[in-house]
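Input: a single structure, listed below in structure tokens.
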Amino acid sequence: MRVYKSFLAAVCALFLSLVLDVPAFGAGEAPRLVDDAGLLTEGEESNLLDKLDEISHKQKADVVVVTVDSLEGKSPMEYADDYFDYNGYGYGEDRDGIILLVSMEDRDYWMSTRGFAITAFTDAGLEFIADEFVPELSDGDYDKAFDLFADRCDEFLTQARKGRPYDRGHMPREKFELLENLLISLAGGFVIALISVLVMMSKMKSVRFNNVAGNYVKENSLSITDSRELFLYFTVNRTARSKNNGSGSSVHTSSSGASHGGSGGKF
């Protein structure tokens, strides 16, 4: 009986050790917002955390924001990868999720993806998202920056679930609305200016078109004593080199041996 109890205790201990070592994949035990750098107010933290939790549960992929004062000697990529891997983030066997790391030490940011998020957030897609929230980081509007990041993550994950992730040549339309509005304004201005010029020209009754330039010169008012042909300019035609228009996600291996995608820079 004593042997049986000892064996049962050993089995229970082994089971507990395994359970404690298994990360909580998407269980919500690790907070999806960790503001160690103190960039947000309490109200902003609460609202952002609610949004990150809602998006993560809906998309079945963790969307995480972490701010720190120091990278502790690691690169932004290494820190973000390790933070995701060793804090139990990620849904399912593939640990689906994305983390945005912001370090105030040298004003670095890094987005690290894992599992399905590598597919959902291509290199071009991460660049697109960064173009939206990094200006807000630079201006010190951290709440708006993180809010934009969360919204775009939700949008990109939704699109990827449809089987066609956003990638080069296939991006959300909103980014180009400003350019389109500018082009429309310029076109409208050109049309108005053209109409104005045509109206003014119609009122110039004394002006007539001449095919010969000499008819515009008053007789005997110009005397040419010497003439020469001078080479003034030449035209050079250049052909642009083709650029790398690759699509998809670049993948690397973290210290835990997991595959990650990612992108980052300075703000």
Side-chain angles (χ1 to χ4, degrees), residues 15-36 40 45-68 76-102 109-130 132-133 145-167 172 247-264:
F15 175 77
L16 288 174
S17 67
L18 291 174
V19 170
L20 292 175
D21 284 340
V22 173
F25 302 150
E29 293 186 6
R32 295 183 176 92
L33 172 61
V34 181
D35 185 25
D36 285 343
L40 303 172
E45 275 193 61
S46 178
N47 292 335
L48 179 59
L49 181 56
D50 287 344
K51 172 176 276 194
L52 294 174
D53 286 342
E54 179 183 354
I55 294 172
S56 298
H57 288 305
K58 180 178 71 173
Q59 298 291 352
K60 297 295 185 290
D62 274 331
V63 179
V64 184
V65 174
V66 174
T67 74
V68 296
M77 181 184 76
E78 292 169 340
Y79 197 104
D81 291 348
D82 289 347
Y83 202 99
F84 189 98
D85 292 343
Y86 296 118
N87 282 284
Y89 293 113
Y91 266 81
E93 293 183 0
D94 293 332
R95 307 280 297 278
D96 303 335
I98 179 172
I99 184 172
L100 168 61
L101 169 72
V102 172
Y109 75 90
W110 189 269
M111 293 173 286
S112 177
T113 58
R114 184 170 172 179
F116 178 72
I118 297 176
T119 300
F121 301 95
T122 63
D123 293 346
L126 291 174
E127 181 182 349
F128 178 96
I129 296 173
E132 294 207 341
F133 75 78
F146 299 147
D147 198 61
L148 284 170
F149 169 76
D151 286 339
R152 282 308 189 193
C153 286
D154 189 19
E155 182 178 3
F156 272 61
L157 285 165
T158 297
Q159 179 64 29
R161 299 291 184 192
K162 297 176 181 178
R164 192 188 176 199
Y166 286 124
D167 203 350
S247 58
S249 301
S250 301
V251 180
H252 60 274
T253 303
S254 67
S255 66
S256 71
S259 294
H260 284 262
S263 176

Stepwise side-chain contact (heavy atoms from CB on, under 4.5 Å) test for Tyr109 and Leu101: CA-CA 5 Å; Tyr109 75 90; Leu101 169 72; over 6 Å; no
Is the backbone of His260 close enough, under 3.5 Å, to the side chain of His252 for a donor and an acceptor to pair up by distance? yes
Gap between atom SG of Cys153 and atom CZ of Phe121 - 0.5 Å precision: 4.0 Å
Residues two or more places apart in sequence or in another chain: which of them pass side chain to side chain contact (heavy atoms under 4.5 Å, CB included) with Thr158? Gln59, Asp154, Lys162
Rounded to the nearest 0.5 Å, how far does CZ of Phe128 lie from OG of Ser263? 14.0 Å
Is the side chain of Asp62 donor-acceptor paired with the backbone N or O of Gly97 at a distance under 3.5 Å, no angle test? no
Where is the tightest heavy-atom contact between Pro31 and Tyr89, given as atom of each residue plus distance? O-OH, 2.5 Å
So, does Gln159 use its side chain to make a donor-acceptor pair with the main chain of Arg164 at under 3.5 Å? yes
Counting C-beta onward and ignoring hydrogens, is there a side-chain heavy-atom pair between Phe156 and Pro165 closer than 4.5 Å? no
Separation of Ile98 CD1 from Ile55 CD1 (nearest 0.5 Å): 11.0 Å
Does any non-hydrogen side-chain atom of Leu40 lie less than 4.5 Å from one of Leu48? yes
In a table with atom names and distances, give each donor-acceptor pair under 3.5 Å that connects a side chain of residues 113-120 to protein atoms at least two apart or in another chain.
| unit_1 | atom_1 | unit_2 | atom_2 | d |
| --- | --- | --- | --- | --- |
| Thr113 | OG1 | Gly261 | N | 3.2 |
| Thr113 | OG1 | Gly261 | O | 3.3 |
| Arg114 | NH1 | Asp85 | OD1 | 2.8 |

Mark yes or no for whether Tyr166, through its side chain, and Thr122, through its backbone, hold a donor-acceptor pair below 3.5 Å. no
Within the 4.5 Å heavy-atom criterion, are Arg152 and Pro172 side-chain neighbours or not? yes
For Ser255 and Asp82, which I'm curious about, is there any donor-acceptor pair between the side chains at under 3.5 Å? yes
By side chain to side chain contact (heavy atoms under 4.5 Å, CB included), Lys60 pairs with (sequence neighbours left out) Tyr91, Arg161
Can you spot which of Val65, Asp81, Val64, Asn87 makes a side chain to side chain contact (heavy atoms under 4.5 Å, CB included) with Ile99? Val64
Any donor and acceptor pair, going by atom type alone, linking the side chain of Asp35 with main-chain N or O of Thr67 inside 3.5 Å? no
To the nearest 0.5 Å, what is the distance between NE2 (His57) and CG (Asp53)? 5.0 Å
Do Val102 and Trp110 have side chains that get closer than 4.5 Å, going by heavy atoms? no
How far does CE of Met111 sit from CG of Leu126, to the nearest 0.5 angstrom? 4.5 Å
Apply side-chain contact (heavy atoms from CB on, under 4.5 Å) to Phe84 and Val66, showing your working. CA-CA 10 Å; Phe84 189 98; Val66 174; over 6 Å; no
